[in-house]
Amino acid sequence: MADSLLTTGVSASRKVCVVTGTRAEYGLLYWLIRGLKDNPAFDLQLVVTGMHLSPEFGLTVRQIEADGLPITRRVEMLLSSDTPVGITKSMGLGQIGFADVWADLQPDLIVVLGDRFEILAAVSAALVFRIPVAHLNGGETTEGAFDESVRHAITKMAHLHFTATEPYRQRVVQLGENPARVFNVGSMGIENINRLTLLDRAAFEESIGFTLGKRNLLVTFHPVTLETGTATAQMEELLAALDALPDTHLIITKPNADTDGRGLIDQIDAFVARRPQTAAAFISLGQLRYLSALRHVDGVVGNSSSGLAEAPSFRIGTVNVGDRQKGRLQAASVINCDPTRASIGTALDTLYSSEFQAALPAARNPYGDASPSAEILDVLRTVELAPLLKKHFYDLTAASAAVVPAIA
């Protein structure tokens with residue numbers, strides 16, 4: 001880190017506010033939130049919003065409460081609608097709610113992760129309130145979802161950046177961010193794998209009330225939000241391919257509050273009702289049960305980022321369906337396929353082939369084996385906040401020209 005970014009002799013506790021709106025994002029942020037709570041250098045503020053507060057999506061705020069983390073504010077913003085109109089209005093409600101929160105809490109720094117519209121609302125309001133933002137998981141690409149644009153927009157409104165890989169760090173710099181403020185710290189999901197004591201098979205089965213079979217798959221499929229009207233058709237193709245598998249038990253996690261997501265939930269419920277002995281669906285497994293599932297299944301199927309980021313660490317295969325995750329770094333354990341039952345079926349055959357299974361132990365996770373929370377906490381504790389707000393666009397062309405020797 002550049003010396004100019006550091007401040008020494010920090011004494012007063014910094015008011016650091018973490019915003020979380022989804023089950024998956026909270027799981028990734030857990031150890032960082034815990035570190036902020038336990039470190040006297042920080043005064044933790046925790047704002048909960050989005051799906052956490054929705055009974056329809058599992059009311060996952062209860063997990064945060066069960067973890068003993070103090071919730072400072074709750075921002076209700078999610079309408080019971082998955083249309084473009086409903087999502088857009090939810091974003092507007094979120095921005096209104098965060099205006100009141102920032103006026104009240106006045107944090108020194110805000111910490112956010114990822115690419116959700118809930119986070120865009122929080123950061124847009126913070127920009128007007130002149131509050132510095134630390135952004136995790138920038139620089140990634142997901143060409144099939146509007147999350148791609150949201151993520152890059154948050155990067156441009158943020159002031160400190162913590163990325164999961166070096167290529168992602170370089171991409172944030174390419175967006176014009178000062179390299180001295182962009183840190184490659186590794187994957188937050190890998191830290192969970194390293195620090196959680198995962199459930200054995202019997203304990204896992206008991207925790208979900210479902211018995212594993214001879215073959216087992218973990219399935220998560222979200223709408224591809226940059227496509228119109230494809231979600232239910234693609235889910236129908238996926239479920240048809242899964243239904244054709246012999247002797248296979250399916251653990252299905254339901255989609256996020258995305259455009260057209262509720263239709264997928266109805267399809268999942270109908271599918272599980274037809275085969276209750278071999279399929280089970282969950283609104284939210286939580287990090288412990290989800291990662292434990294990865295420990296006990298043969299592979300991951302769908303279009304969740306966890307199939308690319310966390311699954312390779314368990315030496316299991318991933319069938320990545322469609323374009324939602326297109327552009328992300330991938331391990332050799334990822335099999336890409338089109339969202340048709342024929343293509344998915346071929347990918348599943350590959351997943352269970354002896355050749356593919358034999359190669360899995362050698363597959364390397366491109367997201368590394370880091371535990372980044374300690375490094376992030378150190379930056380948040382020592383960085384000088386005052387210079388952060390006025391950002392200078394870091395021009396790669398000018399930077400390159402500055403080091404090119406003059407021609408005699």
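For the residue pair D147 and T142, no side-chain donor N or O sits within less than 3.5 Å of a side-chain acceptor on the partner. Side-chain atoms of N184 and Y168 include no donor-acceptor pair closer than 3.5 Å. Side-chain contact annotation: R328 with Q325, donor-acceptor N/O pair under 3.5 Å present.
Remark: S149 engages no residue in a side-chain contact (heavy atoms from CB on, under 4.5 Å) (not counting sequence neighbours). Every residue two or more places apart in sequence or in another chain was checked for a salt bridge (Lys or Arg N to Asp or Glu O under 4.0 Å) with R315, and none qualifies. Residues satisfying the ring pair (Phe, Tyr, Trp, His ring centres under 6.0 Å) criterion with H249, sequence neighbours excluded, are F210. Taking T346 as the reference, nothing meets the side-chain contact (heavy atoms from CB on, under 4.5 Å) condition, with sequence neighbours excluded. Not a single salt bridge (Lys or Arg N to Asp or Glu O under 4.0 Å) links E236 to another residue, sequence neighbours left out. For S81, the side-chain hydrogen bond (donor to acceptor under 3.5 Å, both in side chains) test picks out T83, with sequence neighbours left out. Contacts of K37 classified as side-chain hydrogen bond (donor to acceptor under 3.5 Å, both in side chains), with partners at least two apart in sequence or in another chain: none. Not a single ring pair (Phe, Tyr, Trp, His ring centres under 6.0 Å) links Y26 to another residue, sequence neighbours left out.
Within the 4.5 Å cutoff, no side-chain heavy atoms of N303 are placed close to those of T220. Using a 4.5 Å cut-off on side-chain heavy atoms (C-beta onward), V19 and F98 make contact. Side-chain contact check for L105 versus V47: some heavy-atom pair is nearer than 4.5 Å. Using a 4.5 Å heavy-atom threshold, the side chains of R116 and T22 count as touching. Proximity of P366 to Q330: side-chain heavy atoms (C-beta onward) are nowhere separated by under 4.5 Å. Side-chain contact check for F221 versus P255: every heavy-atom pair is 4.5 Å or farther apart. Using a 4.5 Å cut-off on side-chain heavy atoms (C-beta onward), I344 and L242 make no contact. Residues L294 and E310 have side chains in contact (heavy-atom distance under 4.5 Å, counting atoms from C-beta outward).
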(message) With salt bridge (charged side-chain N to carboxylate O under 4.0 Å, His left out) as the criterion, how do R34 and D67 come out once you've worked through the C-alpha distance, each side chain's angles and the decisive distance to 0.1 Å?
(response) CA-CA 9 Å; R34 179 67 65 186; D67 288 337; 5.6 Å; no
(request) With side chain to side chain contact (heavy atoms under 4.5 Å, CB included) as the test, would you mind laying out the steps for V383 and L160 before giving the verdict? (result) CA-CA 9 Å; V383 69; L160 296 170; 3.9 Å; yes
(message) I'd like to know whether T155 forms a side chain to side chain contact (heavy atoms under 4.5 Å, CB included) with H161, so could you lay out the CA-CA distance, the side-chain angles of the two residues, the decisive distance to 0.1 Å, and finally the verdict.
(response) CA-CA 8 Å; T155 290; H161 311 273; 3.8 Å; yes
(message) Please evaluate residues M188 and S373 with respect to the criterion side chain to side chain contact (heavy atoms under 4.5 Å, CB included), reporting the C-alpha separation (whole Å), side-chain torsions for both, the decisive distance (0.1 Å), and the verdict.
(response) CA-CA 8 Å; M188 305 297 286; S373 290; 3.9 Å; yes
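Using a 4.0 Å cut-off between a side-chain N of Lys or Arg and a carboxylate O of Asp or Glu, K254 and D269 qualify as a salt bridge. Here K156 pairs with E177 in a salt bridge; the nearest charged N to carboxylate O distance falls below 4.0 Å.
Judged as a side-chain hydrogen bond (donor to acceptor under 3.5 Å, both in side chains), the pairs with a partner in residues 284-293 (not counting sequence neighbours) are, in order, N192-Q287, Y290-S306.
Side-chain N or O atoms of T318 include none that pairs as donor or acceptor with a backbone N or O of N320 at under 3.5 Å. In this structure a side-chain-to-backbone donor-acceptor pair under 3.5 Å is missing from Q234 to T340. Formation of a donor-acceptor pair under 3.5 Å by the R169 side chain with backbone atoms of P179 is found in this model. Of the possible donor and acceptor atoms, one in the side chain of R23 sits under 3.5 Å from a partner among the backbone N and O of I283. In this structure, the side chain of K15 engages the main chain of Q106 through a donor-acceptor pair within 3.5 Å. No side-chain donor-acceptor contact under 3.5 Å links S343 to the backbone of C337.
Under the side-chain contact (heavy atoms from CB on, under 4.5 Å) test applied with R14, the options L385, L109, N39 reduce to a single match, L385.
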With a 3.5 Å cut-off and sequence neighbours excluded, list the donor-acceptor pairs that the side chains of residues 196-204 form with protein atoms.
from	atom 1	to	atom 2	distance (Å)
D200	OD1	A202	N	3.3
D200	OD1	A203	N	2.8
R201	NH2	G213	O	3.4

Donor-acceptor list for residues 120-136 side chains, cut-off 3.5 Å, not counting sequence neighbours:
from	atom 1	to	atom 2	distance (Å)
S124	OG	L120	O	2.7
H135	NE2	G114	O	2.9

Side-chain donor-acceptor distances from residues 71-78 under 3.5 Å, at least two apart:
from	atom 1	to	atom 2	distance (Å)
T72	OG1	L46	N	2.9
R73	NE	D104	OD2	3.1
R73	NH2	D104	OD2	2.0
R74	NH2	E65	OE2	2.7

